[in-house]
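Whatever order the structure lists them in is the order used to number ligands and atoms, beginning at 1.
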Amino acid sequence: MRFDLTQEQLLVQKMAREFAEQEVAPIAASIDQEERFPEENVKRMADLGLLGMMTPEAHGGAGLDTVSYVLALEEIARHCAAHAVIMSVNNSLAAWPIEKYGTEAQKQKFLTPMAKGEQLGAYALSEPGAGSDPAGLTTNAVGEGDAYVLNGQKNFITNGGHAHTYIVFARTQPELKHKGISAFLVTKGMKGFTWSKPEEKLGIRAAHSTQLFLSDCKVPASQMLGKEGEGFKIAMSTLDGGRIGIAGQALGIARASLEESVKYSQERKAFGKAIGSFQALQFMMSDMATELDAARLLTLHAAQVKDRGEKYGVQASMAKLYASEVAMRNATKAVQVFGGVGYTRDFPVERYMRDAKITEIYEGTSEIQRLVIARSLLGDVAGA
Ligand code: CAA
């Protein structure tokens, strides 16, 4: 498939492809098995400008567009989905909202080191009792002099423990639902701020997800991101961009599944011929290729709409919904193409299948994406 790309976008894609082939691919299987956070490659991603891709150069980033970001994520996720989510959380969920809503002082202090990859960022919205319905979150922030005192617990925080700066959403007005939520920049080392050991997960095992605990954690008022009560809007608009990133990650998994299936079916023989000569497998791979191209078009389109400065939430939801479901279908088919060995750790396709599943869940489940799309179609009738 060919999508008209600029010279700069092609160069970014090539750089990310080379990095992924040379430095990510060799460790992808072992970091998954060992559940090891790839510290060395996170540093390399920082050197290559992959951790602050869309942040302006004035704030330490590469100043690139969202299309370039999607292209880079696909290349990296082609070899390791865990690397891709570490990267996408830093870019989309942590750096982007500070660039959009932060004061100049907050940008200098928190965004610049994050975009340079010197200090990772994380996004802390979900709670044990509030996942798909973040307006119901209960972490609270009570004003005390020129600070807020935060108490509560956060769940499934990607980069938890490794990140320095966490965008924590907390309730400043208990009587107001979504309008009573504010965003805070909480940093490692603050008294009353701790985290759990990483969750033991089905997939993306090298990308650590932890719980966060806030116990009388005093955050200076100067570290509120945006205005009081603006937190829900900040959280939702941030997820719009995050969903484009997860779609890019899903593309990488879907492509890896197809490419490995093609290669294996040209080599593996059954009944005296290459298994790729059987129509049952040919049709499977035809569907995988067609759906991958459709997912890529939707994702690049969402990125382009964002780059044009137009509203892109619905396009982001469509891209994330479709690309994540294609990743899951392609990975499942890849395991089927490989047969028995596909179910073992001797080949990477079982990892693709485990990694694909989370793309249908995090940053809004497929059902939430369908809800966002339905509300855009039906308005009040769908509860918008
Ligand atoms: N941008 C800006 N504002 C938005 C918005 C958006 N995309 N979506 C909604 N809003 C605003 C609305 O305009 C409305 O504002 P007003 O009151 O001023 O009119 C307000 O937010 C409330 O909107 P809704 O009534 O639509 O809100 P809702 O409570 O019904 O929720 C939802 C809508 C789509 C279901 C939303 O709750 C949602 O996206 N849920 C899923 C959450 C999610 O994706 N969680 C993943 C966490 S991150 C993660 O996965 C971890 C990780 O580290 C990778």
Worksheet entry | ligand 1 versus Lys177: contacting region, heavy-atom distance under 4.0 Å | neither
Practice prompt. Using distance alone, determine whether Ser126 and ligand 1 share an N or O pair under 3.5 Å.
Written response: no
Item to complete: Heavy-atom distances under 4.0 Å are what count here, so tell me which part of Asp240 touches ligand 1: side chain, backbone, both or neither.
Response: side chain
Item to complete: Have a look at His208 and tell me which of Arg36, His162, Glu35 forms a side-chain hydrogen bond (donor to acceptor under 3.5 Å, both in side chains) with it.
Response: His162
Worksheet item: Heavy-atom distance to atom 42 (C) of ligand 1: which of Ala207, Gly131, Gly241, Gly136 wins?
Response: Gly131
Worksheet item: Can any side-chain N or O of Lys357 pair as donor or acceptor with the backbone N or O of Gly203 at less than 3.5 Å?
Response: no
Item to complete: Have a look at Arg375, Arg243, Lys311 and point out the one with the heavy atom closest to atom 25 (O) of ligand 1.
Response: Arg375
Worksheet item: Counting only heavy atoms, which portion of Val85 has something under 4.0 Å from ligand 1: side chain, backbone, both, or neither?
Response: neither
Discussion item. Counting only nitrogen or oxygen atoms and a 3.5 angstrom limit, does Ser132 reach ligand 1?
Written reply: yes
Discussion item. Heavy-atom contact check, 4.0 Å cutoff: does Gly313 meet ligand 1?
Written reply: no
Practice prompt. Evaluate the side-chain proximity of Gln369 to Tyr322: yes if any heavy-atom separation is below 4.5 Å, no if none is.
Written response: no
Worksheet entry | Backbone or side-chain N or O of Asp133 under 3.5 Å from ligand 1 N or O | no
Worksheet item: Hey, is atom 32 (C) of ligand 1 touched by any protein heavy atom at less than 4.0 Å?
Response: no
Fill in: Sub-4.0 Å atoms of ligand 1 with respect to non-hydrogen atoms of Pro134
37 (O), 40 (N), 42 (C)
Fill in: Side chain, backbone, both or neither: Phe232 near ligand 1, heavy atoms under 4.0 Å
side chain
Fill in: Residue Lys179 vicinity, atoms of ligand 1 by number, heavy atom under 4.0 Å
16 (P), 17 (O), 18 (O)
Worksheet item: Numbering the atoms of ligand 1 from 1, which are under 4.0 Å from a heavy atom of Ser237?
Response: 1 (N)
Worksheet item: Applying a 4.0 Å heavy-atom criterion (strictly less than), which segment of Met236 is in contact with ligand 1: side chain, backbone, both, or neither?
Response: both
Practice prompt. Please step through salt bridge (Lys or Arg N to Asp or Glu O under 4.0 Å) for the pair Lys43 and Glu40, ending with a clear verdict.
Written response: CA-CA 5 Å; Lys43 286 201 179 70; Glu40 70 281 29; over 6 Å; no
Worksheet item: Hey, are the side chains of Met288 and Ser257 touching, using non-hydrogen atoms and a 4.5 Å cut-off?
Response: yes
Practice prompt. Give a yes/no on ligand 1: does Ala122 have at least one heavy atom closer than 4.0 angstrom to it?
Written response: no
Item to complete: Classify the contact between Asn159 and ligand 1 as side chain, backbone, both or neither, using a heavy-atom distance cut-off of under 4.0 Å.
Response: neither
Discussion item. Please identify which of these residues, Gln108, Lys116, Glu104, meets the side-chain hydrogen bond (donor to acceptor under 3.5 Å, both in side chains) condition with His59.
Written reply: Glu104
Fill in: Per-atom contacts, ligand 1 versus Phe156 - under 4.0 Å to a heavy atom
51 (C), 53 (O)
Worksheet item: For Tyr123 and ligand 1, does the shortest N/O to N/O distance drop below 3.5 Å?
Response: no
Discussion item. Over 60° means perpendicular and under 30° means parallel, so tell me whether Phe347 and Tyr264 are parallel, tilted or perpendicular.
Written reply: perpendicular
Worksheet item: With atoms numbered from 1 as shown, which atoms in ligand 1 lie under 4.0 angstrom from a non-hydrogen atom of Ile368?
Response: 35 (C), 38 (C), 39 (O), 40 (N), 41 (C)
Worksheet item: Of the options Phe193, Phe184, Tyr123, which is the one that meets Tyr166 in a ring pair (Phe, Tyr, Trp, His ring centres under 6.0 Å)?
Response: Phe193
Discussion item. Return the CG to CD distance between Leu300 and Gln315, rounded to the nearest 0.5 Å.
Written reply: 13.5 Å
Worksheet item: In terms of heavy-atom contacts, does NZ of Lys109 have more than 12 from other residues, nucleotides or ligands at under 6.0 Å?
Response: no
Discussion item. I'd like to check Arg296 versus Thr299 (side-chain heavy atoms, cut-off strictly below 4.5 Å). Are they in contact?
Written reply: no
Practice prompt. Salt-bridge test for Arg171 and Glu175: reply yes if a basic N is under 4.0 Å from a carboxylate O, no otherwise.
Written response: no
Worksheet item: Would Glu74 and Arg255 pass as an ion pair if we require N to O under 4.0 Å?
Response: yes
Worksheet item: Quick one: which ligand 1 atoms are inside 4.0 Å of a heavy atom on Val372?
Response: 34 (C)
Worksheet item: Polar-atom distance check: Gly364 versus ligand 1, any N or O pair below 3.5 Å?
Response: yes
